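Read through the structure below, which is laid out as structure tokens, and then see the notes.
Just so we're clear, the structure is a prediction, and the values are computed from it rather than from any experiment. Residue numbers run from 1 in the order of the sequence given.
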Amino acid sequence: MAETNRKNKQRLQKFFLYFLLIIFLIVSIFPFYWMFIGSTNHTSKMFTNPPTLTVGNEFMTNLTNLNDAIGISRVVFNSLFVSLVFVFLSLIISTLAAYALSKFYFKGRNVIFLAFMLSMMVPYQATIIPLFRMMTHFELLNTYFALIAPQLCFPFAIFLMRQNFLAFPSSLIESARIDGAGELRIFLTVVLPSMKPALAATAIYLFMMQWNNFMWPLVATTSEEMYTIPVALSSLIGISMIDYGQIMVGITIATIPIIIFFLLLQKQFISGMLGSAVKE
């Protein structure tokens, strides 16, 4: 009897757990569903009572209007190019800096790392004016360099990678040095392969940050040809009339690369966790 009651209690607890998870899942997915529904309907159906929750047939019309308004293909290319190049270069800089700050012992190492950490406390908005004056002085406004370069040495990425490098056994590095391997070879063939989980997590964070960056691209771009997706979508909001249909199409297009990038690196993250984790 006691065993039966215990099993019934476990089933009841599991039922409530799954019930809550289903509710949280619906709440989490509904904004994406609403976004997709909005992209397939006319603006007039966006705020009807009761709300429209069925797929419409205005997606191509909204996409055409969006392309006529901002040139969506050019905008998507700008965002993808800027984000991917930024992630690639920032990962190189962050991993090298983090490796040096974690595995090399030199005078002022802790001071340099402390400076990086303190720089995270500076509001991003406070750097806009100095960066703008600098780019203006070097005539680099409205270029890909101006969109990519200012945040390449990202303090949080260095911090995240450094914490993972600290967990890597120094004895393996010393063994490789005794075997005659150079520092670059040790970094590329011994240390870096075990950092796949950290690299994936850092890449996801950097990509999302750069993809959604609005303030600096708004300041650094002076022509519509250089607009990224957040800046281009903000230009669709007029004073008197707002076409929510084409805005929803733009948001849908802006969301898809983030989901794809996350899913691709999530697979790499899991394989790195299972296949190349190094334990001391």
Side-chain angles (χ1 to χ4, degrees), residues 66-101 108 111-162 184 199 202-239 246-247 250-251 253-258 261:
L66 178 67
N67 189 56
D68 293 339
I70 62 175
I72 188 62
S73 57
R74 179 68 181 181
V75 169
V76 171
F77 171 79
N78 289 341
S79 289
L80 280 175
F81 179 79
V82 169
S83 298
L84 292 177
V85 173
F86 172 80
V87 169
F88 177 73
L89 295 178
S90 186
L91 277 180
I92 293 176
I93 295 173
S94 300
T95 51
L96 290 174
Y99 181 66
L101 291 172
V111 175
I112 295 174
F113 179 69
L114 179 61
F116 276 117
M117 294 298 98
L118 291 176
S119 67
M120 294 175 61
M121 301 175 63
V122 178
Y124 175 65
Q125 292 77 7
T127 64
I128 294 294
I129 294 178
L131 283 175
F132 179 79
R133 290 175 61 88
M134 184 185 303
M135 294 300 168
T136 303
H137 177 75
F138 291 108
E139 298 182 353
L140 291 172
L141 285 179
N142 209 44
T143 63
Y144 289 122
F145 182 89
L147 294 174
I148 296 172
Q151 288 188 293
L152 282 179
C153 187
F154 198 70
F156 181 76
I158 295 174
F159 168 77
L160 186 61
M161 292 304 303
R162 178 181 178 272
L184 184 60
L199 289 171
T202 306
I204 291 171
Y205 178 83
L206 291 173
F207 182 84
M208 293 183 63
M209 184 204 68
Q210 184 64 28
W211 182 266
N212 295 321
N213 193 6
F214 171 74
M215 181 65 71
W216 176 243
L218 178 66
V219 174
T221 55
T222 57
S223 67
E224 294 182 357
E225 293 183 356
M226 292 298 298
Y227 279 179
T228 57
I229 286 181
V231 178
L233 291 181
S234 70
S235 67
L236 296 175
I237 301 181
I239 299 176
Q246 65 178 3
I247 291 178
I251 296 174
I253 294 174
T255 304
I256 291 174
I258 296 179
F261 190 79

Atom pair CZ (R74) and CD (E224), whose distance is rounded to the nearest 0.5 Å: 12.5 Å

With sequence neighbours excluded, residues passing ring-ring contact (aromatic ring centres under 6.0 Å, His included) with F145: none

Heavy-atom pair with the smallest gap, counting every atom of A146 and P150: O-CD, 3.1 Å

Minimal non-hydrogen separation, S79 against I229, with atom names: OG-N, 2.8 Å

By ring-ring contact (aromatic ring centres under 6.0 Å, His included) - contacts of W216 (at least two apart): none

Expected output: side-chain T95 to main-chain I92 donor-acceptor under 3.5 Å: yes

Sequence-distant partners of A157, side-chain contact (heavy atoms from CB on, under 4.5 Å), two or more places apart: S94, F154, T202, L206

Pair T228-N213, side chain to side chain contact (heavy atoms under 4.5 Å, CB included): steps then yes or no: CA-CA 9 Å; T228 57; N213 193 6; over 6 Å; no

A97: side-chain contact (heavy atoms from CB on, under 4.5 Å) partners, not counting sequence neighbours: I158

Aromatic plane relationship, F207 with W211 - under 30° parallel, 30 to 60° tilted, over 60° perpendicular: parallel

Pairing residues for Y227 by the ring-ring contact (aromatic ring centres under 6.0 Å, His included) criterion, not counting sequence neighbours: none

Results of ring-ring contact (aromatic ring centres under 6.0 Å, His included) for F86 - residues two or more places apart only: none

Partners passing side-chain hydrogen bond (donor to acceptor under 3.5 Å, both in side chains) against N78 (at least two apart in sequence or in another chain): Y144

Atom pair CD1 (I148) and CD (Q210), whose distance is rounded to the nearest 0.5 Å: 7.5 Å

Sequence-distant partners of N212, side-chain contact (heavy atoms from CB on, under 4.5 Å), two or more places apart: M208, I258

Heavy-atom donor-acceptor pair, Q246 side chain to L66 backbone, under 3.5 Å: yes

Set of side-chain contact (heavy atoms from CB on, under 4.5 Å) partners for S223, sequence neighbours left out: N142, E225, M226

Sequence-distant partners of S73, side-chain hydrogen bond (donor to acceptor under 3.5 Å, both in side chains), two or more places apart: none

Side-chain polar contacts of residues 116-141 - donor-acceptor pairs under 3.5 angstrom, sequence neighbours left out - could you list them?
residue, atom, partner, partner atom, Å
S119, OG, F116, O, 2.5
T127, OG1, Y124, O, 2.7
T136, OG1, F132, O, 2.7

Gap separating the CG atom of L96 from the CG atom of L91, nearest 0.5 angstrom: 10.5 Å

